[in-house]
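Before any comments, here is the structure.
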Amino acid sequence: MEDKLKRIYIPMTETGFYILYFLQEENHGYGIIQLTKEMTNQEITISAGTMYGSLSKMEKDGLIHMTKEENRRKFYLLTALGKEILALEIKRIERLYKNSIGEKSI
């Protein structure tokens, strides 16, 4: 994997994380927005502008690819590179979590 892409995507924004996470299965932008709201109890709301800008950039960078277009909705899926980037981010988050529960509060 290109080091440049690692530097761009890791650490990942929360928005970027949810987009890639929900593209492990074929989905479209509006579907990702709804699933993110549901999973986060409405704490994270991805705006349409952020969503479609992110999808465009991720597609250009090779993390996702469009699978089909139905009723003006474009469906996307992770590429092998996208899966690799998501796995690295999950590993990073797990490390942060493990380190945080191992430390005593000051």
Side-chain angles (χ1 to χ4, degrees):
M1 176 192 328
E2 276 189 46
D3 286 339
K4 181 183 176 188
L5 284 177
K6 281 185 188 178
R7 286 192 306 272
I8 290 170
Y9 286 99
I10 298 174
M12 193 174 291
T13 65
E14 212 167 344
T15 297
F17 176 82
Y18 286 115
I19 291 170
L20 290 183
Y21 181 80
F22 287 122
L23 287 177
Q24 292 178 88
E25 295 180 7
E26 190 177 61
N27 211 332
H28 52 82
Y30 182 72
I32 297 167
I33 289 170
Q34 295 304 101
L35 288 168
T36 300
K37 281 183 186 179
E38 185 179 312
M39 180 179 261
T40 65
N41 281 338
Q42 315 297 320
E43 289 181 33
I44 306 293
T45 301
I46 304 173
S47 72
T50 297
M51 173 59 67
Y52 297 108
S54 296
L55 289 173
S56 178
K57 179 168 178 17
M58 289 175 174
E59 185 175 28
K60 181 177 143 264
D61 289 342
L63 276 63
I64 63 173
H65 71 278
M66 189 175 76
T67 56
K68 65 183 175 186
E69 193 168 348
E70 286 180 1
N71 301 324
R72 296 180 37 208
R73 287 190 175 157
K74 292 180 181 179
F75 287 76
Y76 298 90
L77 193 59
L78 284 182
T79 62
L81 177 60
K83 289 176 185 176
E84 189 178 345
I85 293 277
L86 180 61
L88 287 171
E89 181 64 2
I90 289 171
K91 193 174 187 177
R92 185 188 75 80
I93 292 168
E94 286 173 341
R95 184 184 67 243
L96 285 171
Y97 177 72
K98 276 197 282 187
N99 289 341
S100 73
I101 61 172
E103 296 294 319
K104 299 225 187 262
S105 297
I106 295 175

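We count residues from 1, following the sequence as given.
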Under 3.5 Å: donor-acceptor pair, side chain of S56, backbone of Y52: no
Is the backbone N or O of G62 less than 3.5 Å from a side-chain atom of T79, with the two atoms forming a donor-acceptor pair by type? yes
Stepwise salt bridge (charged side-chain N to carboxylate O under 4.0 Å, His left out) test for E70 and K68: CA-CA 7 Å; E70 286 180 1; K68 65 183 175 186; 3.4 Å; yes
Test side chain to side chain contact (heavy atoms under 4.5 Å, CB included) applied to M12 and I93, I19, I90, L20, the passing residue: L20
Using side chain to side chain contact (heavy atoms under 4.5 Å, CB included) as the criterion, point out the one residue from K98, R92, K91 that pairs with R95. R92
In one Ile/Leu/Val/Met/Phe/Trp/Tyr side-chain cluster, 4.5 Å: Y9, L81: yes
Tell me which donor-acceptor pairs under 3.5 Å the side chains of residues 29-46 have, and how far apart each pair is, sequence neighbours excluded?
from, atom 1, to, atom 2, distance (Å)
T36, OG1, I32, O, 2.8
T40, OG1, T36, O, 2.8
T40, OG1, I44, N, 3.1

If you look at every heavy atom in [X] and [Y], which pair is closest and at what distance?
{"X": "L78", "Y": "Q24", "answer": "CD1-CG, 3.7 Å"}
{"X": "L23", "Y": "Y76", "answer": "CD2-O, 3.3 Å"}
{"X": "Y21", "Y": "L86", "answer": "CA-CD2, 3.9 Å"}
{"X": "F22", "Y": "N27", "answer": "O-CB, 3.7 Å"}
{"X": "I10", "Y": "L88", "answer": "CD1-CB, 3.4 Å"}

Under the criterion salt bridge (charged side-chain N to carboxylate O under 4.0 Å, His left out), I'd like the reasoning laid out for D61 against K57: C-alpha separation, chi angles, the key distance, then a yes or no. CA-CA 6 Å; D61 289 342; K57 179 168 178 17; 2.8 Å; yes
State, yes or no, whether a side-chain contact exists between I85 and E89 at a heavy-atom distance under 4.5 Å. no
Can you find a pair of side-chain heavy atoms, one from M66 and one from E59, that are under 4.5 Å apart? yes
Nearest-0.5 Å distance that lies between atom CD in E26 and atom OG1 in T67: 3.0 Å
Hey, could you give me the CG/CD distance between L63 and E84, rounded to the nearest 0.5 Å? 9.5 Å
Crowded around E25 CD? As in, over 12 foreign heavy atoms under 6.0 Å? no
